[in-house]
Amino acid sequence: MGLAQEAQQPAANEEFRETYLQSLRLLERLHRQLLDVIKDDLERNGRSEINSVQALLMFNVGENEVTAGELRTRGHYLGSNVSYNLKKLVEAGYIRHERCNVDRRAVRISLTEEGKQLCEELNALFDRQVGSLEPVANVKPDDLERMNTALARLERYWSDHIRYRL
């Protein structure tokens with residue numbers, strides 16, 4: 001490596017570091033804003049008995065039947081948060097749970113009709129957003145594809161970081 005390249009290396013690394021840190025801050029803010037958008041939609045639909053985290057949890061369950069452990073291992077939620085929120089959703093009538101026949105310790109979770117209705121409302125919210133992303137926010141489909149590719153790579157990097165203690 002020549003002297004000119006060596007001199008550029010620290011500046012390039014610092015620039016990349018700042019861009020990475022900016023991305024981390026943006027990811028954190030975007031997640032909070034997504035929860036705020038969902039909360040606003042819940043309030044508009046008169047659903048004050050659940051919060052945005054619980055609504056997103058149901059959205060991620062969707063038509064599937066899963067265990068709390070599967071929700072945790074998919075990386076959506078922390079352990080105690082899943083248990084607490086599932087308990088509240090069962091009490092509110094949005095989720096049903098049954099002990100697994102094979103492993104009596106495991107509880108299978110699925111949405112009730114009320115839970116499915118809420119998911120339809122979230123789908124309608126996301127459909128409205130898809131319709132206005134390009135004209136209002138100037139976000140094009142290929143922008144989202146590139147972002148998703150980069151985020152999937154980052155997710156894999158962080159998973160490897162934990163798994164292989166990089």
Side-chain angles (χ1 to χ4, degrees), residues 8-79 81-82 84-86 88-89 92-96 109-163 166:
Q8 290 176 352
Q9 197 70 5
N13 283 342
E14 185 58 31
E15 208 174 294
F16 187 48
R17 179 184 186 280
E18 286 305 312
T19 302
Y20 176 65
L21 293 177
Q22 180 184 10
S23 296
L24 296 179
R25 288 188 291 271
L26 188 57
L27 281 169
E28 186 179 9
R29 277 197 323 266
L30 284 172
H31 179 68
R32 280 196 303 269
Q33 283 186 316
L34 171 62
L35 293 175
D36 286 345
V37 165
I38 292 171
K39 178 180 181 275
D40 180 65
D41 197 65
L42 290 171
E43 289 172 356
R44 289 178 191 210
N45 290 323
R47 294 195 182 264
S48 58
E49 70 282 4
I50 63 168
N51 63 42
S52 54
V53 171
Q54 293 164 343
L56 200 53
L57 188 147
M58 286 190 289
F59 185 78
N60 286 317
V61 169
E63 295 292 323
N64 303 310
E65 185 177 280
V66 298
T67 66
E70 288 170 333
L71 287 171
R72 282 189 296 268
T73 57
R74 288 181 192 170
H76 293 296
Y77 310 95
L78 299 174
N81 288 347
V82 171
Y84 171 81
N85 284 316
L86 288 175
K88 291 295 183 185
L89 291 169
Y94 287 100
I95 284 187
R96 75 175 63 82
I109 298 158
S110 60
L111 299 181
T112 64
E113 287 307 312
E114 186 70 16
K116 290 176 183 177
Q117 175 61 39
L118 182 123
C119 284
E120 288 176 22
E121 291 171 18
L122 284 179
N123 270 315
L125 165 68
F126 297 146
D127 286 345
R128 287 191 310 272
Q129 290 177 340
V130 165
S132 63
L133 274 174
E134 192 166 359
V136 175
N138 197 27
V139 175
K140 297 172 179 47
D142 58 323
D143 295 332
L144 292 177
E145 287 175 23
R146 283 193 307 278
M147 179 186 70
N148 289 342
T149 298
L151 289 174
R153 288 176 182 163
L154 189 57
E155 179 183 34
R156 186 175 53 243
Y157 170 76
W158 285 345
S159 294
D160 288 350
H161 186 86
I162 295 165
R163 183 177 300 120
L166 301 177

Salt-bridged, [X] to [Y], with N to O below 4.0 Å?
| X | Y | result |
| --- | --- | --- |
| Glu113 | Lys116 | yes |
| Glu43 | Lys39 | yes |
| Asp160 | Arg156 | no |

Are the side chain of [X] and the backbone of [Y] linked by a donor-acceptor contact shorter than 3.5 Å?
| X | Y | answer |
| --- | --- | --- |
| Arg96 | Leu111 | yes |
| Asn148 | Glu145 | no |
| Ser52 | Ile38 | no |

Find the distance between [atom1] ([X]) and [atom2] ([Y]) and round it off to the nearest 0.5 Å.
| X | Y | atom1 | atom2 | answer |
| --- | --- | --- | --- | --- |
| Asp143 | Asn138 | CG | CG | 7.5 Å |
| Asn45 | Leu125 | CG | CG | 9.0 Å |
| Asn85 | Met58 | CG | CE | 9.5 Å |

**OP:** Walk me through it: do Asp36 and Arg32 pass the test salt bridge (charged side-chain N to carboxylate O under 4.0 Å, His left out)?
**Re:** CA-CA 6 Å; Asp36 286 345; Arg32 280 196 303 269; over 6 Å; no

Original post:
Would one find more than 12 heavy atoms of other residues, nucleotides or ligands at under 6.0 Å from atom CD of Glu14?
Top reply: yes

Subject >> Partner of Arg47 by side-chain hydrogen bond (donor to acceptor under 3.5 Å, both in side chains), out of Gln117, Gln54, Glu121 >> reply: Glu121

**OP:** Answer whether the closest heavy-atom distance between the side chains of Ile50 and Lys88 falls below 4.5 Å.
**Re:** no

